[in-house]
Amino acid sequence: FHSNDVGFIFSYMASFHWTIAQLTLGATGIGPRNSLERAFNSVLLVIGLAFGSTLVSVFSSQMMQYAIMKQERQRQLTVVRRFLQQNTIPPSLSIQVQRQLLERFAKAKPLLEQDVPALSMLSTTLRNSLFFEIRRPHLLSYPLFTLWWHVNQNAVHFLSEHVEFTILSEGDELFAPGGQAFHAYCAVSGLLTYTQDSQSSMVSEETTVFVREGSWFCEAALW
């Protein structure tokens, strides 16, 4: 057909149809009229073949990874159910255990250093520099460490090597009354509750305060 014989909308949709047909190897009523157009059409068909194959490959890979992950979670749940049955756990508690596991399976936890095996391939100096940069903002949020940084940076570098990250989920306890006190903590993200009662702390009644992001805290024995 000739573009002068049809309207603009038809010409545009015919061109769009031809373009999509090249990328998806679909049929179209528009064909090349000379060698140059045929060569251009052939190149686009090859690109469309590569694009379609890549898209199918990526999609299949993602589906396979999802299926493997789901199968692994199902296997873990099956082992947990068998464990609960062998120990004759009451149904009410068993349901709570399985429900919490399902909730935590659904949440993606942030990656810790031990979750990235490739980091072990770095040189010790570069790996320590990387880890220090991760810890430095949190360490220097405490005034004493900021002052220490200005006095002796090497000492703060050494201190950072003994800093660890702990990931908590809703309902987890970081420490409890009666336990040994070893660590001080900095809340990197999220919101925690700090509860004291009269039996384990010097308070007349149970008190609860919120620990917000950027706050430093520890067991009362280290105050």
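Source: prediction; values computed, not measured.
Looking only at side-chain heavy atoms (C-beta outward), T124 and R127 come within less than 4.5 Å of each other. Residues Q100 and S169 form no side-chain contact, since every pair of their non-hydrogen atoms from C-beta on lies 4.5 Å or further apart. With a 4.5 Å cut-off on side-chain heavy atoms, S215 and C186 do not count as touching. Considering only heavy atoms from C-beta on, L130 comes within 4.5 Å of L122 through its side chain. Using a 4.5 Å heavy-atom threshold, the side chains of L192 and F210 count as separate. Counting only heavy atoms from C-beta outward, the side chains of Q98 and R81 approach each other to under 4.5 Å.
Take E164 and apply the salt bridge (charged side-chain N to carboxylate O under 4.0 Å, His left out) test, not counting sequence neighbours, and it matches no residue. Under the salt bridge (charged side-chain N to carboxylate O under 4.0 Å, His left out) criterion, R136 pairs with E133, not counting sequence neighbours. Residues forming a salt bridge (charged side-chain N to carboxylate O under 4.0 Å, His left out) with E161 (at least two apart in sequence, or on another chain): none. Applying the side-chain hydrogen bond (donor to acceptor under 3.5 Å, both in side chains) criterion to T208, with sequence neighbours excluded, gives T195. Under the salt bridge (charged side-chain N to carboxylate O under 4.0 Å, His left out) criterion, E72 pairs with R75, sequence neighbours left out. Every side-chain hydrogen bond (donor to acceptor under 3.5 Å, both in side chains) that R104 has, sequence neighbours left out, goes to D172. In terms of the ring pair (Phe, Tyr, Trp, His ring centres under 6.0 Å) criterion, H150 has no residue partners (sequence neighbours excluded). Listed by chain and residue number, nothing satisfies the side-chain hydrogen bond (donor to acceptor under 3.5 Å, both in side chains) test with R73 (two or more places apart in sequence, or in another chain).
The shortest non-hydrogen separation linking S198 to S204 is CB-O, 3.9 Å. Nearest heavy-atom pair, A187 versus V211, reported as atom, atom and distance to 0.1 Å: CB-CG1, 4.2 Å. Annotation for S94 and L84: closest pair OG-CD1, 3.2 Å, computed over non-hydrogen atoms. Scanning all heavy atoms of the two residues, the minimum distance from S120 to P117 falls at OG-O, 2.6 Å. Among all heavy-atom pairs drawn from V188 and E213, the shortest one is O-CG, 3.0 Å. A pairwise comparison of heavy atoms in A176 and E173 identifies CB-OE1, 3.8 Å as the closest pair.
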Between N128 and H157, is a side chain to side chain contact (heavy atoms under 4.5 Å, CB included) present by the stated rule, with each step listed? CA-CA 9 Å; N128 289 341; H157 269 277; over 6 Å; no

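Under the 4.5 Å side-chain contact rule for hydrophobic residues, L102 and V79 do not share a cluster. Side-chain heavy atoms closer than 4.5 Å link hydrophobic residues (I, L, V, M, F, W, Y) into clusters, and following such links, even through other members, never connects F165 to Y185. Under the 4.5 Å side-chain heavy-atom criterion for grouping Ile, Leu, Val, Met, Phe, Trp and Tyr, L147 is not connected to F158 through any hydrophobic cluster. In the hydrophobic clustering of this structure, L101 does not group with I95; members are Ile, Leu, Val, Met, Phe, Trp, Tyr whose side-chain heavy atoms approach within less than 4.5 Å, directly or through other members.
Remark: the backbone N or O of L111 is not paired with any side-chain donor or acceptor of D115 at under 3.5 angstrom. Checking side-chain atoms of S57 against main-chain N and O of S53 turns up no donor-acceptor pair under 3.5 Å. N34 places a side-chain N or O within donor-acceptor distance of the main-chain N or O of L36, the cut-off being under 3.5 Å.
For Q65, the CD atom sits in a packed shell: over 12 heavy atoms of surrounding residues, nucleotides or ligands are nearer than 6.0 Å. The local environment of CZ in F40 is sparse, with at most 12 non-hydrogen atoms from other residues, nucleotides or ligands closer than 6.0 Å.
Annotation: the span from L119 atom CG to L112 atom CG amounts to 11.5 Å, rounded to 0.5 Å. For the atom pair SG of C218 and CG of L174, the computed distance is 10.5 Å after rounding to the nearest 0.5 Å. Atoms CG and CZ, from L191 and R212 in turn, are 5.5 Å apart once rounded to the nearest 0.5 Å. Separation of atoms CZ (R82) and CD (Q85) is listed at 9.5 Å; rounding is to 0.5 Å. Rounded to the nearest 0.5 angstrom, F105 CZ and Q74 CD are separated by 9.5 Å. One finds the CD atom of E219 at 11.5 Å from the CD atom of Q196 (value rounded to the nearest 0.5 Å).
Counting Ile, Leu, Val, Met, Phe, Trp and Tyr side chains that sit under 4.5 Å apart, directly or through other members, F132 shares a hydrophobic cluster with L139, L140, Y142, L144, F145, W148, W149, V156, L159, V163, W216. Under a 4.5 Å side-chain heavy-atom criterion applied to ILVMFWY residues, the cluster that includes Y66 comprises M69 as well. In the hydrophobic clustering, M63 connects to F59, either directly or through intervening members, whenever side-chain heavy atoms lie under 4.5 Å apart. Think of I68 as one node in a network of Ile, Leu, Val, Met, Phe, Trp and Tyr side chains linked at under 4.5 Å; its network also takes in M64.
Aromatic ring centroids of F175 and Y194 lie under 6.0 Å apart.
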